[in-house]
**Student:** 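If you scroll down you'll find the structure; I have some questions about it.
Every chain is numbered from 1, with letters handed out A, B, ... down the list of sequences. Being a predicted model, the structure only gives us computed values, none of them experimental. For the numbers below, each heavy atom of this structure counts, side chains included, while hydrogens, waters and symmetry mates do not.
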There are 2 protein chains.
Amino acid sequence: MRPVGLALAVVDRVAELQPIGASDLARHIALPKATVHRLLLALESYGWLERDAGPRPRWSLTVKPIGIGGRAIERKSGLRMAALSVMDSLRHETGETVHLGLLHGDKMLLIERIDGIKSVGIFLPVGTSWDLTWSSSGRAILANLSADEQREFLRTPRYRRRSETDVIPVGELMAELALVRERGFAISVGIAGANSSSIGAAIFDRHGAPFAGLSLSGAVDRLREPELMALAPLLVEAARRISMGMALQV
Amino acid sequence: MRPVGLALAVVDRVAELQPIGASDLARHIALPKATVHRLLLALESYGWLERDAGPRPRWSLTVKPIGIGGRAIERKSGLRMAALSVMDSLRHETGETVHLGLLHGDKMLLIERIDGIKSVGIFLPVGTSWDLTWSSSGRAILANLSADEQREFLRTPRYRRRSETDVIPVGELMAELALVRERGFAISVGIAGANSSSIGAAIFDRHGAPFAGLSLSGAVDRLREPELMALAPLLVEAARRISMGMALQV
DNA sequence: ACCATTGTCCCGCATTATGGGACAAATAGA
DNA sequence: TCTATTTGTCCCATAATGCGGGACAATGGT
């Protein structure tokens with residue numbers, strides 16, 4: 001099934017680099033130009049890719065993967081359904097924006113967002129993903145992994161970055177994670193340069209493994225540590241209710 | 001590139017029917033069991049599909065397409081970026097939920113949602129798609145297509161359904177579309193049995209062709225025709241601003 | 001005006017997908 | 001409980017198809 005693998009690799013890279021030309025793309029995935037070209041034409045004929053008109057076409061994704069991704073979320077494990085009403089209550093109780101993310105390999109994937117009453121100014125698009133340590137809910141998941149899994153993650157410096165260049169020492173991160181685990185939530189004040197703060201908690205499957213995260217986010221000048229701490233009980237309770245709802249399903 | 005086409009067909013159908021067994025799936029896409037089985041294994045190895053453990057595995061999508069779809073939206077035509085701030089203003093002015101949809105073939109695809117201050121209770125997931133006539137923004141697009149394109153759509157009864165069974169007579173729909181075009185917006189009170197009402201307007205590319213739609217939605221007991229009419233100027237102005245923003249790009 | 005780069009296509013070779021069929025295991029039915 | 005049906009998995013000979021080097025013209029940067 002080699003062509004399938006190559007085609008999917010092309011889709012993946014085009015998603016990342018679009019709009020991109022054929023030769024450039026061929027260089028990125030280290031394949032002969034002719035092969036990439038053939039794959040692009042095939043993917044176009046199946047409605048997954050499109051190119052702008054012109055002598056040097058640039059390729060982009062069509063909306064097809066969006067629809068497919070949407071359906072994937074919908075039927076996936078029932079998490080979204082189980083979480084929605086809880087998320088809505090939470091946003092009404094707190095006025096802040098609620099995010100629901102899914103653990104996906106070594107990333108956190110944003111599945112659903114319910115906007116707060118109070119404005120934040122930034123709206124993360126569903127489908128965004130980022131490193132686990134970057135978000136409060138990601139660190140809440142990290143803190144609740146088994147010791148082995150945790151060590152596995154922390155081994156690579158990639159997963160210990162606070163920003164592009166700033167790597168967190170293992171000891172410091174371990175200490176924070178221990179605290180997070182004990183409290184049941186993680187906080188971020190003014191994360192990653194953006195002017196938003198957040199507090200996150202993990203959601204567990206029926207075997208007790210963390211697989212998703214729930215977070216509350218708001219403008220950093222409104223939410224400093226004391227305010228975040230005050231929100232914690234509501235958030236933790238909401239995450240617990242979602243975990244319970246998931247456990248009841250099939 | 002036959003295997004690629006088959007693999008994508010499998011992904012598409014699995015998204016629709018998940019969780020589904022191999023034999024069942026083979027019947028749906030009219031392919032030999034052996035072929036489908038091989039494709040499933042391949043797609044699993046590339047991380048696009050997964051199966052639950054057990055003697056009769058059921059296949060589902062992984063979150064991979066979600067991430068890809070998300071990136072597709074992000075870089076796609078800049079629509080989302082151009083629309084966000086306008087959508088945010090709109091929700092603060094009106095308190096209602098704002099939806100941004102993209103015309104995709106004969107469907108409307110939900111790209112972004114900003115939740116209103118007032119509760120609706122239902123949250124359409126990004127990635128949902130539906131027939132053009134079902135949503136107010138879809139009908140706003142329909143109304144602004146060229147006469148030829150419009151005739152093309154209305155020829156098939158599929159696109160004239162108010163519900164599963166209720167088909168709108170061509171004359172009636174044409175009359176409504178003419179009115180929508182003149183006013184610049186379409187309204188739906190209590191659409192499709194759900195308890196929400198909405199008002200929608202079209203967004204145009206720089207050639208003047210409608211390619212996306214903006215809508216305001218709220219609970220039907222709060223938004224009847226008079227209230228919707230009162231919201232119209234704000235919505236139409238917002239859609240116009242997004243169209244202008246798009247025209248300035250590139 | 002030059003020249004490196006790009007998009008596109010061709011074609012002989014060899015790799016690879018194909019799908020009927022066989023089998024065991026699991027479910028549905030009685 | 002026993003039987004009939006369906007399901008998941010695998011094998012294999014045959015035919016089909018993807019492969020990628022290379023050639024060419026069009027393009028655009030300098």
**Student:** Test of understanding: with side chain to side chain donor-acceptor pair (under 3.5 Å), list the residues that count as partners of Gln150(B), not counting sequence neighbours.
**Tutor:**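 Gln150(B): no side chain to side chain donor-acceptor pair (under 3.5 Å) contacts found.
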
**Student:** Do Thr62(B) and Trp48(B) get their side chains close enough for a donor-acceptor pair, meaning under 3.5 Å?
**Tutor:**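 There is no such pair between these side chains.
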
**Student:** Generate the contact string for nucleotides 8-21 of chain D. Rules: B means base contact, S means sugar-phosphate contact only, - means no protein heavy atom under 4.0 Å.
**Tutor:** BBB-------SBBB

**Student:** List in chain and number order the residues that pass side chain to side chain donor-acceptor pair (under 3.5 Å) with Arg13(B), two or more places apart in sequence or in another chain; answer none if no residue qualifies.
**Tutor:** none

**Student:** Just by modelled atom types, is the Gly200(B) backbone N or O under 3.5 Å from a matching donor or acceptor in the Ser136(B) side chain?
**Tutor:** yes

**Student:** Taking side chain to side chain donor-acceptor pair (under 3.5 Å) as the test, write out the residues that go with Arg38(A), two or more places apart.
**Tutor:**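 So Arg38(A) forms no side chain to side chain donor-acceptor pair (under 3.5 Å) with any residue.
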
**Student:** Assess whether a salt bridge exists between Glu50(A) and Arg58(A), defined as any Lys/Arg side-chain N lying under 4.0 Å from an Asp/Glu carboxylate O.
**Tutor:** no

**Student:** Rounded to the Å, how far apart are Leu40(A) CG and dT6(C) P?
**Tutor:** 14 Å

**Student:** side-chain contact (heavy atoms from CB on, under 4.5 Å), that's the test. Do Phe123(A) and Arg113(A) meet it? Break it down for me.
**Tutor:** CA-CA 9 Å; Phe123(A) 298 91; Arg113(A) 185 196 78 216; 3.5 Å; yes

**Student:** Using whole Å, report how far CZ of Arg27(A) lies from P of dA4(C).
**Tutor:**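 The distance from CZ of Arg27(A) to P of dA4(C) comes to 15 Å, rounded to the nearest Å.
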
**Student:** Bend across the helix from dA1(C)-dT30(D) to dA30(C)-dT1(D), to 10°, with axes taken over 5 pairs at each end?
**Tutor:** 70°

**Student:** Name the atoms and distances for all side-chain donor-acceptor pairs under 3.5 Å in residues 27-34 of chain B, with sequence neighbours left out.
**Tutor:**
unit_1   : atom_1 : unit_2   : atom_2 : d
Arg27(B) : NH1    : Asp24(B) : OD1    : 3.3
His28(B) : ND1    : Asp24(B) : O      : 3.2

